[in-house]
Amino acid sequence: MDNSDRCTFITKKGKWCKFKRAPNQTHCHTHGVSGEKRIPCPVDPSHTIYEHDIQRHLKKCNTNIKIEQLVSQPYFQKNVNQGRDDDTQSVVYLKRKYLNLQPKTTRLSQMLEGMTEQAILSMAAKVKLIYEEVYKDYTISKEYSNDSILASKIESNMLSVKHGGQHLRIIDLLRKSQCLSSNVDYIEFGCGSANLSLAVKQGIDSLNEPQNDDLQQYILIDRTTVHNKSDSHIQYRNDHGEIYAQVDRITIDIAHLVFDKLPFKHDPSRACAISKHLCGIATDLTLKCLTSSKHQVKGIFIALCCHHCTSYHSYPNAEYLNQHNITEQDYECYKLLSSWDIVFKDHQQEEPKQQQQGLSPHEKYIIGNRCKVSETYAYAANNDRGSLTWEEYII
C-alpha cells in the first residue's frame, strides 16, 4: 500500500493519521501547521475546526444536526425532569472527556477524615430517621418462580448467565402483578440493546395466549445509539417475517423527555415502564418523567444500578432534600456511606481490633444498608393519583 501521500501526524497512541496530505504540505487539513487557528467545535468539542469557518461548519456538523432534529420533536423539553437547570450539558449525549466535566472523585475515607466521631453518629441518626419515615411499611421478597423452559429461552440469548437470571426475576414480577400480557405495551428506559424487552416478549410467548390482531407496542428509550440491537427480534415473531409488535426506538436523554408526548399507539394507561440497570440519576429522572404525566401507567419495574453516579444538583426532587435538611455535603456523604452495605455485609460478626469512627462492622452495615435500601423496586401505582406503593425484590 502506497502511503507516500499520507499525513505524517502521529497520534498519542502511536498511530499514523489516515488522511491524505494537504497540497504541498506534510500534514492533512486537520493536523496542518499553517497559520490558520483551529478551535474545538462549539457544539461537539470532540473535533476541531478553523476559527474562521464556524458558521459554515455548524450547518453540516453531524452533532448540531442531531440536536436540531431532537429539539423539534414534540416529546423534547430541555431539563423538564431535572430538579435544577443544567446549561453546561449538551442535549445530546457527548462523552464527558470532551466536555471537561469530569466528576470529582472523593473517597469515603477522605470525607470521614475531617469529621468527628460525634458528627458521624449524628449523621447516622439522621439516616435512621429518614429511613424509618420513608420505608416503614415496605416488604421484601426473595422468592420467584422457576420456569425452566422460559429460562432456557432467555439465557440462550444472553452473553452472561447473570443477565438471564435477572431477566427471569423481572418477568416474574410482571407476571405476579398481572402486567405480563400481549395486551400490555412496554416502555424500556435506558434500553441499550433492548435485551430486557426481548426477554419480556419471550415471557409473553411462554404464556401461550391467543394471538391478538392488535399489535402491542414497545417503546425503547436510550440517550445514545448502540450496536447489536434486539429490535428486529422483538418486532418479528419468526424467521418468516410475521410481525409480532410495533417497535419505536427514541434517542433522547431522559432528563428532556415528556412522557405524554411519546408516540403511543394505544392508551398510555395500558403501558408498563421497565428497565434493568438504569444507572445513577437516570432512575430518578425516569420516576419524575412518569409521575409528572397526566396518565397513570399500569406499573413501573426498575432494576437499580450505580447509586454512586447520582449527584445533588441533578436530583429531581429538590423539595424532598430541603424538607429533610439534606445539604450537598450530606448527600455526597450518604452516597459514599452506601458502600458500607457491601463492604461489611460478610463481616458483621467480626470483632474489630479497633473500632473506627466509633462504629462496629455491624453498625456500619446497618447504616450502609439504610443508605442503599434497594436493589430492585417494583412500583405499583395506587388508585389515588400521585401516590405510589412498592415492594422490594432482591435481584
Side-chain angles (χ1 to χ4, degrees), residues 141-222 228-249 264-278 297-304 375-381 390-395:
S141 172
K142 296 184 180 180
E143 298 180 359
Y144 72 103
S145 59
N146 186 10
D147 188 328
S148 58
I149 298 177
L150 178 59
S152 63
K153 277 186 178 182
I154 291 176
E155 292 179 358
S156 65
N157 293 310
M158 292 292 102
L159 297 177
S160 167
V161 175
K162 174 186 72 175
H163 294 297
Q166 291 173 341
H167 289 170
L168 279 173
R169 299 188 187 202
I170 293 174
I171 290 171
D172 191 56
L173 297 182
L174 288 166
R175 180 161 32 194
K176 286 180 178 178
S177 304
Q178 300 182 347
C179 292
L180 188 68
S181 169
S182 58
N183 294 318
V184 176
D185 296 329
Y186 297 95
I187 309 164
E188 185 177 354
F189 289 84
C191 63
S193 298
N195 285 329
L196 175 57
S197 291
L198 176 59
V200 170
K201 172 202 166 182
Q202 293 168 337
I204 294 172
D205 287 345
S206 70
L207 301 177
N208 296 319
E209 290 183 339
Q211 185 172 352
N212 194 340
D213 294 334
D214 189 13
L215 298 178
Q216 69 176 155
Q217 183 182 25
Y218 289 79
I219 299 179
L220 311 177
I221 298 170
D222 203 287
N228 302 320
K229 297 188 287 287
S230 300
D231 301 23
S232 60
H233 299 290
I234 300 170
Q235 185 172 7
Y236 297 104
R237 183 179 293 273
N238 49 44
D239 295 334
H240 302 293
E242 181 183 356
I243 295 180
Y244 174 92
Q246 177 177 321
V247 178
D248 296 296
R249 179 174 282 269
F264 291 107
K265 184 174 184 245
H266 306 106
D267 186 346
S269 61
R270 67 170 260 174
C272 273
I274 59 174
S275 182
K276 184 170 77 75
H277 295 175
L278 193 58
V297 294
K298 191 174 182 68
I300 306 173
F301 301 81
I302 300 176
L304 309 182
E375 292 290 343
T376 295
Y377 286 109
Y379 293 87
W390 61 85
E391 291 186 1
E392 181 183 358
Y393 294 85
I394 300 299
I395 286 186

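Values below: every heavy atom of this structure, side chains too, minus hydrogens, waters and symmetry copies.
One finds the CD1 atom of I302 at 6.0 Å from the CD1 atom of I300 (value rounded to the nearest 0.5 Å). Interatomic distance, I170 CD1 to L174 CG, rounded to the nearest 0.5 Å: 8.0 Å. Rounded to the nearest 0.5 angstrom, F264 CZ and R270 CZ are separated by 11.5 Å. The distance from atom SG of C179 to atom CZ of F301, rounded to the nearest 0.5 Å, is 4.0 Å. Going from atom CD1 of I234 over to atom CG of L220 covers 5.5 Å, rounded to the nearest 0.5 Å. From L173, atom CG reaches atom CD1 of I274 across 12.0 Å, with rounding to the nearest 0.5 Å.
Side-chain atoms of E188 come within 3.5 Å of backbone N or O of S197 as a donor-acceptor pair. At distances below 3.5 Å, at least one donor-acceptor pair connects side-chain atoms of S206 with backbone N or O atoms of G203. Side-chain N or O atoms of S275 include none that pairs as donor or acceptor with a backbone N or O of G190 at under 3.5 Å.
Salt-bridge annotation for K265 and D185: absent, with no side-chain N of the basic residue lying under 4.0 Å from a carboxylate O of the acidic one.
Across all non-hydrogen atoms, the minimal contact from I187 to I221 is CG2-CD1, 3.8 Å. Across all non-hydrogen atoms, the minimal contact from Y186 to S181 is OH-N, 3.3 Å.
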message: For Y218 and K201: C-alpha separation, side-chain torsions, deciding distance, then whether side chain to side chain contact (heavy atoms under 4.5 Å, CB included) applies.
response: CA-CA 10 Å; Y218 289 79; K201 172 202 166 182; 3.7 Å; yes
(request) For the pair D248 and Q246, evaluate side chain to side chain contact (heavy atoms under 4.5 Å, CB included) and give the outcome as yes or no after the intermediate values. (result) CA-CA 7 Å; D248 296 296; Q246 177 177 321; 3.0 Å; yes
Run the side chain to side chain contact (heavy atoms under 4.5 Å, CB included) check on D214 and H266 step by step: do they pass? CA-CA 10 Å; D214 189 13; H266 306 106; 2.9 Å; yes
Q: Walk me through it: do V184 and Q178 pass the test side chain to side chain contact (heavy atoms under 4.5 Å, CB included)?
A: CA-CA 10 Å; V184 176; Q178 300 182 347; over 6 Å; no
- Task: Apply ring pair (Phe, Tyr, Trp, His ring centres under 6.0 Å) to the pair Y236 and Y244, showing each step before the final yes or no.
- Result: CA-CA 5 Å; Y236 297 104; Y244 174 92; over 10 Å; no
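Residues I204 and V200 form a side-chain contact, since some pair of their non-hydrogen atoms from C-beta on lies under 4.5 Å apart.
In this structure, a donor-acceptor pair under 3.5 Å is absent between the side chains of Q216 and N183. Remark: the N195 side chain and the S193 side chain contain no N/O donor-acceptor pair separated by less than 3.5 Å.
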